[in-house]
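Below: one structure, written as structure tokens.
Naming: A, B, ... by sequence-line order, numbering from 1 per chain.
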There are 2 protein chains.
Amino acid sequence: MAMTENRPQTRIQREKREIILEAALDVFSSHGFRGATIDQIAEAAGMSKPNLLYYFKTKEAIFETLIHGLLDMWLDPLKAMDESGDAIVELRSYIRRKIEMARDFPRASRLFANEMLQGAPRIMPMLESELKPLVDEKAKVLKSWMRAGKLKPADPYHLIFSIWATTQHYADFDIQVRTVLGPDRGGDGRFEDAARFLEQLFLEGLRPTP
Amino acid sequence: MAMTENRPQTRIQREKREIILEAALDVFSSHGFRGATIDQIAEAAGMSKPNLLYYFKTKEAIFETLIHGLLDMWLDPLKAMDESGDAIVELRSYIRRKIEMARDFPRASRLFANEMLQGAPRIMPMLESELKPLVDEKAKVLKSWMRAGKLKPADPYHLIFSIWATTQHYADFDIQVRTVLGPDRGGDGRFEDAARFLEQLFLEGLRPTP
DNA sequence: CTCATTTTTGACCGGTTGGACAAAGCCTAG
DNA sequence: CTAGGCTTTGTCCAACCGGTCAAAAATGAG
């Protein structure tokens, strides 16, 4: 055996590791790294603790594998912002994509949020090696659009921050959003309402045109 | 004794409880409830664990007292939004006040963020009894401004969410903001830059005026 | 079927955690 | 000074934590 692949080994190992990572996302995202326990993850994955530790040597190893796999997906919408496209269209679809990610992958958002709140002790290297260069690149793209008169001049970094903040808010503070909106307005439609509002906010602002 | 007050008792008790709460804010805000330990708080407060437990019966009691005391301060900027004032001025100063709070009280922001991420298990009652009614009230104020043509029509709830999100982002994701901005642009000026950007964003948006 | 390899588990370990408790120190009113 | 209450601490405990280990069970190639 061990001919198809030599690192992740057998098919069953790949499957079990996937189940564990899915369970770990549940637990880590809602309790943070330190607040999560291996027992919780093992129970959520439907296996015993020693069995889980057969697939991942340590708690850190689970976390690291998990967050590595999620970061690329998480940065995809920003990567997709295309300099050769129309500025307004690109900005609008970036916002759209980000709020769709908050809707479809809220646990990933909360996982990152938890890590950031604690000072990013485990993902700082990835922030510097992957996130920062990507943001620098896209900030240049935004700047070039602004110079070309396609967007109003503004700080591109804070623009990106504000898109992150407003969209991820609906994942990270979901409980607060639903509590404030109440049972009627806090249903599934809230993401669509948010998308509409944010589109207007980022493009038109709130000052009335006289 | 015990004549001046009968609940918080002696002066020394009030002082020590204050020291403990200050230390607890440090520890809870950076590790979350479960990640924080009584030992850490006791050490940060400069006293032994049994001594700390003499002033607060349980870890939960510390947390509850802390978050109760902070919520009012945290909601102050929104409370101050005055219906009889000018809509644009009021909106602008709300944003300003919120970002000043993120700058001056980042630990309080992170404490709330940590709690929200975990589904607000400990402060849900306060969200319903204090936060929701306040937001409902201010949403009506915003709506009335919009009807009067002082602001563009928009969803007032999502407007409030987006102000929370963008401002608190600079406290909650401080490490990410500073990493992305780098040593030069990530200095003390970042809050002023953010305030300027957000003011433009909320009032004017980014679509260029032809 | 056979047997080596992979997978699963119960028992266990040292360290940490939230909290209890009693004894000791300290302060101050009389 | 001294007695009574307030404050502080060392010690202890049961539960929990991350992780180990050896042995048992399941698997699958020949």
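- Taking the six-membered ring where the residue is Trp, A:Tyr170 and B:Phe161 present perpendicular rings, their angle passing 60° and hence far from 30°.
- Distance CZ (B:Arg17) to P (D:dT8): 14 Å, rounded to an integer number of Å.
- Residue B:Leu52 contributes atom CG, which lies 14 Å from atom P of D:dT7 at whole-angstrom precision.
- Legend: residues meeting side-chain contact (heavy atoms from CB on, under 4.5 Å) with B:Glu137, ordered by chain and number and at least two apart, are B:Leu134.
- For B:Ala154, the side-chain contact (heavy atoms from CB on, under 4.5 Å) partners two or more places apart in sequence, or in a different chain, are A:Phe197, A:Gln200, A:Leu206, B:Met146.
- At C:dT6, none of the side-chain N or O atoms of A:Lys16 fall inside 4.0 Å of OP1 or OP2 (strictly under the cut-off).
- The phosphate of D:dT7 (OP1 or OP2) has a side-chain N or O of B:Gln13 nearer than 4.0 angstrom.
- Looking at residues two or more places apart in sequence or on another chain, you find a side-chain contact (heavy atoms from CB on, under 4.5 Å) between B:Pro106 and B:Arg110, B:Ala171.
- Atom CD of A:Glu15 and atom C1' of D:dA26 are 16 Å apart (whole Å).
- Residues forming a side-chain contact (heavy atoms from CB on, under 4.5 Å) with A:Ala108 (at least two apart in sequence, or on another chain): A:Leu70, A:Met73, A:Trp74, A:Phe105.
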| note | A correct 5'-to-3' footprint of nucleotides 16-21 of chain D, with B, S and - meaning base, sugar-phosphate only and no protein heavy atom under 4.0 Å, is -SBBBB

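- Distance OH (B:Tyr55) to P (D:dC6): 12 Å, rounded to an integer number of Å.
- When distances run from any side-chain atom of A:Tyr54 to the nucleotides D:dT8, C:dT9, C:dT6, the shortest one goes to C:dT6.
- A:Phe56 comes within contact range of no nucleotide atom at all, as no heavy-atom separation falls under 4.0 Å.
- One can place CD1 of B:Ile41 at 13 Å from C1' of C:dG19, the figure rounded to the nearest angstrom.
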With a 3.5 Å cut-off and sequence neighbours excluded, list the donor-acceptor pairs that the side chains of residues 41-52 of chain A form with protein atoms.
{"from": "A:Ser48", "atom 1": "OG", "to": "A:Asn51", "atom 2": "N", "distance (Å)": "3.4"}

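- For the OP1/OP2 pair of D:dT9 and a distance below 4.0 Å, the side-chain nitrogens and oxygens of B:Asn51 include at least one atom meeting the criterion.
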